[in-house]
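Below you'll find the structure, written out as structure tokens, and then a few comments.
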Amino acid sequence: MTKVNKLEKTRKMEYNFRDVEKKWQHHWQEHKTYRVFIDHEKPKYYVLDMFPYPSGAGLHVGHPLGYIGSDIYARYKRQKGYNVLHPMGYDAYGLPAEQYAIQTGQHPAITTEKNIKRYREQLDKIGFSFDWDREVQTCDPSYYKWTQWTFIQLFDHYYNRKTQKAEPISELEKVFARSGNVDVDAACGHITPFTAVEWLKMNEKQRREVLMQYRLAYLADTYVNWCPKLGTVLANDEVKEGFSVRGGHPVERKKMQQWFLRITAYAERLLEGLEHIQWSESLKEIQKNWIGRSEGATIFFPLKDRAESIEVFTTRPDTIFGATFMVLAPEHELVEQLTTDQYRNAVQKYMKMAGTRSDRERMAEVKNVTGQFLGGYAVHPFTGKDIPVYIADYVLAGYGTGAIMAVPGHDSRDHAFAKHFNLPVVEVVKGGDLSEGSYDDKEGTMVNSGFMDGMDVPGAIRTVTRQLEEKGTGKAQVNFRLRDAIFSRQRYWGEPFPVYYKDNIPYVLPESKLPLELPPVDKYLPTETGEPPLARAKNWQTDDGYPLECNTMPGFAGSSAYYIRYMDPKNNNRLASKEAVTYWENVDLYVGGAEHATGHLIYARFWNKFLFDIGVTVKDEPFQKLINQGMIQGRSNFVYRVKGSNRFVSLNLKDKYDNTPIHVDVNIVDNDVLDIEAFRKWNPEYADADFILEDGKYICGWEVEKMSKSFHNVVNPDDLIEKYGADTLRLYEMFLGPIEQAKPWDTKGIEGVFRFIRKLWRLYHNRDNVFEISHEPASPKEKKILHKCIKKVSEDIERFSFNTAVSAFMVCVNELTDAACRKRDILEPLSVMIAPFAPHIAEELWHLLGHKASVALADFPVWNQDLVTDETTIYPVSFNGKTRFKLEMPADSNRDDVEKAALAAPEAQKWLAGKQPKKVIVVPGKIVNVVI
RNA sequence: GCGGAUGUGGCGUAAUUGGUAGCCGCGCCAGACUUAGGAUCUGGUGCCGAAAGGCGUGGGGGUUCGAAUCCCUUCAUCCGCACCA
């Protein structure tokens with residue numbers, strides 16, 4: 001028989017995954033098996049994956065890891081009787097498509113659509129149980145209508161600190177007309193107090209300017225990294241040493257008007273909410289640090305001979321008598337006034353230098369102390385002494401008030417600055433040695449501090465804060481590191497703002513004008529005058545001729561509420577109906593990468609809290625439980641080229657030659673053995689390569705690196721599905737290790753689960769590959785195998801330990817094979833149980849067993865505890881903690897029986913060696929330990 | 001610098017509450033069936049040792065009858081955040 005015939009015969013004799021998987025994928029799609037509706041008879045469960053940005057490269061093997069995990073859980077919950085919402089969609093706005101558009105002139109919508117199509121094909125092949133009827137795309141006008149709608153709501157609301165929630169601006173206006181703003185406690189920008197009379201006297205423009213300080217979406221000036229050559233704003237990591245990473249053009253800091261979201265209003269609630277959600281402690285910690293709550297005081301230092309004062313925030317008001325100088329951020333508004341003529345040149349020089357450096361660079365050079373004296377002085381609120389004022393890089397405009405009182409005795413950065421500029425260092429808290437460095441600890445007795453002398457630090461903080469409040473020169477203050485989110489992007493491929501300008505005042509469009517669709521443009525670049533690309537659009541104005549906003553929204557806009565839209569994706573009248581949000585509430589399980597810890601996961605929580613305040617959602621937190629899937633790293637292979645030749649030397653011989661390691665495509669390496677022919681074909685350069693082999697093979701080296709095209713270590717799921725099938729891929733991805741752990745991808749182990757799938761199939765089929773099962777009742781032994789597996793798998797799924805669940809299936813199938821069990825009683829529940837992991841083969845077996853409905857809706861089996869309990873217990877008997885032999889005892893033996901039997905066992909004599917045991921520890925059901 | 005993890009066979013890992021360290025799989029070794037095997041099946045496989053036995057969860061110390069698991073200390077790797085007043 002020829003080789004081909006043999007192969008064909010073998011194939012016929014085993015599980016044909018290609019046909020089976022195709023058949024069921026088609027069937028599921030046709031019958032909309034996974035479609036879901038509100039069903040008040042069933043409890044709901046919402047399983048969500050972070051939706052992907054459809055990049056041009058398609059999916060690699062790392063992307064579906066989380067999707068597979070969540071799909072298993074969703075399928076499991078469905079079989080447990082829940083009504084499961086498990087949707088998927090696309091985060092379709094993004095820079096790569098825009099960049100591609102700039103280069104090729106092709107509209108980003110076209111590339112995006114193409115990429116989505118490719119993603120969908122890849123996803124479909126893996127057999128997910130998504131309800132695709134609920135798909136959303138953030139760039140679809142019917143979707144971003146609601147992104148724009150939410151923006152309008154943010155614009156029309158302010159945050160009332162008294163009620164701790166967002167309330168309509170219209171209500172605020174009523175309050176202003178009644179009693180001015182003095183009684184209003186709101187999250188707002190800088191605003192001077194006014195009375196009702198003053199409010200009523202203001203014209204529309206003045207009123208709108210005041211209101212802008214209160215809105216949750218507001219316009220304000222900020223400094224950005226502006227690249228005139230690219231005509232665009234760059235992110236911190238797009239700038240290196242004052243030049244753009246792309247193109248190397250100079251970048252300057254430019255003041256620019258941008259939209260902001262007042263996320264800081266929600267800082268306290270964002271922090272508090274963490275207490276009520278099931279996220280990993282490490283992730284909560286990251287969010288806590290990001291929000292960065294700190295308690296302290298704001299203190300006003302009056303300027304010498306002037307009316308103004310410098311406002312500082314400090315966590316250590318107790319050290320105020322140690323404040324020997326003050327430092328402002330270079331951008332601080334009082335810099336100009338405090339600069340004396342004598343220092344004007346130097347200050348300007350310093351500011352210019354600081355201006356060319358990005359925040360990131362300023363932060364990177366910690367050891368480099370720089371700064372400049374302004375010439376001006378402030379006055380110490382308690383001693384009345386003059387305090388020199390400096391500007392320095394190490395004070396950031398965006399944190400606190402952008403100014404500090406410097407206490408070199410008790411702050412290491414102030415100390416370094418004082419040493420550098422020869423400024424006095426005063427000790428106010430005893431406990432350190434100031435000649436060595438600052439003493440930053442909060443323990444010690446106050447000295448040199450007037451009324452605080454002799455107090456401990458916490459007492460001093462309380463006392464000085466009270467004093468400041470009485471004097472009216474300061475107050476207790478909670479400060480957050482969190483900053484308001486910049487919400488404008490000078491880009492094309494994003495949601496247009498539903499905003500127009502009348503007399504330079506921004507107004508939002510009425511809801512009836514939504515969606516405001518993204519207009520076509522001739523080029524995707526900024527205009528020559530530096531306007532964003534939308535300025536190129538023809539007639540970019542309202543019907544009345546008022547110009548529309550030219551900025552677009554950032555990526556997080558569309559991804560902040562998509563989970564709500566999935567609940568009711570086709571609704572034209574609301575983001576989602578009241579009925580839908582009341583039923584689906586929020587996401588029970590959210591799965592995605594930890595890289596979104598401070599971006600998406602903060603913004604979405606904020607966005608949701610706002611929607612909660614205005615009654616759109618019913619839960620304060622959007623994502624009840626969160627699992628971060630670990631990153632799948634690549635496992636790169638290397639060949640070693642002998643320098644100056646086209647010879648390659650095998651791994652263990654390489655040190656005998658002067659060689660260069662070269663990445664080689666992992667797809668032509670099997671078990672670290674290079675496929676030499678494939679290598680020659682891989683790159684024409686190597687067509688004539690020759691090899692120094694070991695044991696007749698070329699062995700490649702390997703290393704774990706990021707999975708990336710440039711390292712030639714990308715593994716494509718399509719190839720694996722073609723070779724092994726989707727069920728095998730799903731099982732293998734789970735088998736790799738705990739879902740939350742980062743781990744390298746190595747294809748070689750996939751054969752093991754492939755064998756398992758075929759072994760499973762053979763349980764239901766005879767030697768001729770014909771379906772054949774027995775209807776005899778199962779033996780107790782067989783039942784035990786099954787029920788142990790049900791227990792283990794159920795418990796493992798509940799705790800997201802999918803790798804051990806796969807292992808339990810393998811044990812079960814091995815044992816059933818050994819027991820030659822082909823009984824329906826056993827095999828039927830087994831096919832149901834494996835369906836979440838390997839849905840295709842499960843569906844096929846389920847139908848072969850005679851069922852008509854999908855296995856996806858079959859009840860997940862329940863284990864019987866009596867069947868899994870062993871009648872005997874095997875006790876390991878140890879002497880001084882070392883296990884020496886095993887003792888089988890009836891499971892209900894009591895302590896004494898076990899002890900007696902252990903000491904009486906023939907093996908025990910050897911270890912006792914005639915001695916009397918000092919103590920015998922018996923843990924019933926577990927262990928015996930004899931101490932001698 | 002701060003914070004968060006993680007260190008277990010050649011490799012991925014398991015050990016759910018302090019109770020037999022190494023389940024399951026890969027790889028490797030041997031064998032069976034084969035003209036053949038990159039198919040399938042069977043057995044073996046932590047390390048040292050001929051065996052008895054000893055040693056073993058990054059290193060060192062501790063608590064305990066008993067530690068991969070708890071405590072202290074140290075080293076290594078990875079990931080966040082980074083002059084936060």
Practice task
Counting Watson-Crick and G-U wobble pairs only, both distances under 3.5 Å, name the nucleotide matched with A14(B), or none.
Solution key: none

Handout entry: Identity of whatever pairs with A21(B) - Watson-Crick or G-U, under 3.5 angstrom
Key = none

Exercise for the section: For RNA chain B, determine which residues of residues 317-325 of chain A have any heavy atom closer than 4.0 angstrom to one of its atoms, and list them numerically. Expected result: none

Handout entry: Options U40(B), G3(B), C24(B), nucleotide nearest the side-chain atoms of R755(A)
Key = U40(B)

Handout entry: Nucleotide opposite G80(B) in a Watson-Crick or G-U pair, distances under 3.5 Å
Key = C2(B)

Practice task
Searching all strands shown, indicate the nucleotide that pairs with G66(B) (Watson-Crick or G-U wobble; both distances under 3.5 Å).
Solution key: none

Problem - Complementary nucleotide of A85(B), counting Watson-Crick and G-U pairs under 3.5 Å - result: none

Fill in the blank from the handout: Looking only at A39(B), A85(B), C81(B), the nucleotide nearest the V395(A) side chain is A85(B)

Handout entry: Pairwise P distance for C41(B) and G25(B), with rounding to whole Å
Key = 11 Å

Practice task
Identify whether any heavy atom of N814(A) sits under 4.0 Å from a base atom; if not, whether one sits that close to sugar-phosphate; answer base, sugar-phosphate or nothing.
Solution key: sugar-phosphate

Exercise for the section: Mind checking R758(A) for me? I need base, sugar-phosphate or nothing, with any heavy atom below 4.0 Å counting as a touch. Expected result: sugar-phosphate

Exercise for the section: Classify the nucleic acid contact of S282(A) as base, sugar-phosphate or nothing, counting any heavy atom under 4.0 Å across all strands shown. Expected result: sugar-phosphate

Going by atom type alone, with no hydrogens or angles, which donor-acceptor pairs under 3.5 Å involve a side-chain atom of residues 793-800 of chain A and a protein atom two or more places apart or on another chain?
unit_1: S794(A); atom_1: OG; unit_2: I790(A); atom_2: O; d: 2.6
unit_1: E795(A); atom_1: OE2; unit_2: K791(A); atom_2: NZ; d: 3.4
unit_1: D796(A); atom_1: OD1; unit_2: K792(A); atom_2: NZ; d: 3.4
unit_1: D796(A); atom_1: OD1; unit_2: R799(A); atom_2: NE; d: 3.4
unit_1: D796(A); atom_1: OD1; unit_2: R799(A); atom_2: NH2; d: 3.0
unit_1: D796(A); atom_1: OD2; unit_2: K792(A); atom_2: NZ; d: 3.3
unit_1: D796(A); atom_1: OD2; unit_2: T804(A); atom_2: OG1; d: 2.9
unit_1: D796(A); atom_1: OD2; unit_2: A805(A); atom_2: N; d: 3.3
unit_1: E798(A); atom_1: OE2; unit_2: Y76(A); atom_2: OH; d: 2.8

Handout entry: Set of salt bridge (Lys or Arg N to Asp or Glu O under 4.0 Å) partners for E722(A), sequence neighbours left out
Key = R18(A)

Problem - Side-chain N or O of N803(A) closer than 4.0 Å to phosphate OP1/OP2 of A14(B) - result: yes

Completion exercise
Under a 4.0 Å heavy-atom criterion, the protein footprint on nucleotides 16-21 of chain B, written with B, S and -, is B--BBS

Practice task
Counting Watson-Crick and G-U wobble pairs only, both distances under 3.5 Å, name the nucleotide matched with G56(B), or none.
Solution key: none

Problem - Euclidean distance, atom CZ of residue R481(A) to atom P of C2(B) [Å, nearest integer] - result: 17 Å

Handout entry: Minimum heavy-atom distance L334(A)-S309(A), with the two atoms named
Key = CD1-O, 3.5 Å

Exercise for the section: Please give the nucleotide sitting opposite C41(B) as a Watson-Crick or G-U wobble pair, both distances under 3.5 Å, or none. Expected result: G31(B)

Completion exercise
Any strand, both distances under 3.5 Å, Watson-Crick or G-U wobble: A51(B) pairs with none

Practice task
Determine, using ring centers only, whether Y390(A) and F417(A) are less than 6.0 Å apart.
Solution key: yes

Completion exercise
Residues passing the salt bridge (Lys or Arg N to Asp or Glu O under 4.0 Å) test with D411(A), sequence neighbours excluded, are R413(A)

Handout entry: R635(A): partners by salt bridge (Lys or Arg N to Asp or Glu O under 4.0 Å), with sequence neighbours left out
Key = D672(A), D746(A)

Practice task
Please work out if R293(A) contacts a base, only the sugar-phosphate, or nothing of the nucleic acid, heavy-atom cut-off 4.0 Å.
Solution key: nothing

Exercise for the section: Specify the residue among A742(A) and E285(A) whose closest nucleotide of RNA chain B lies further upstream toward the 5′ end. Expected result: E285(A)

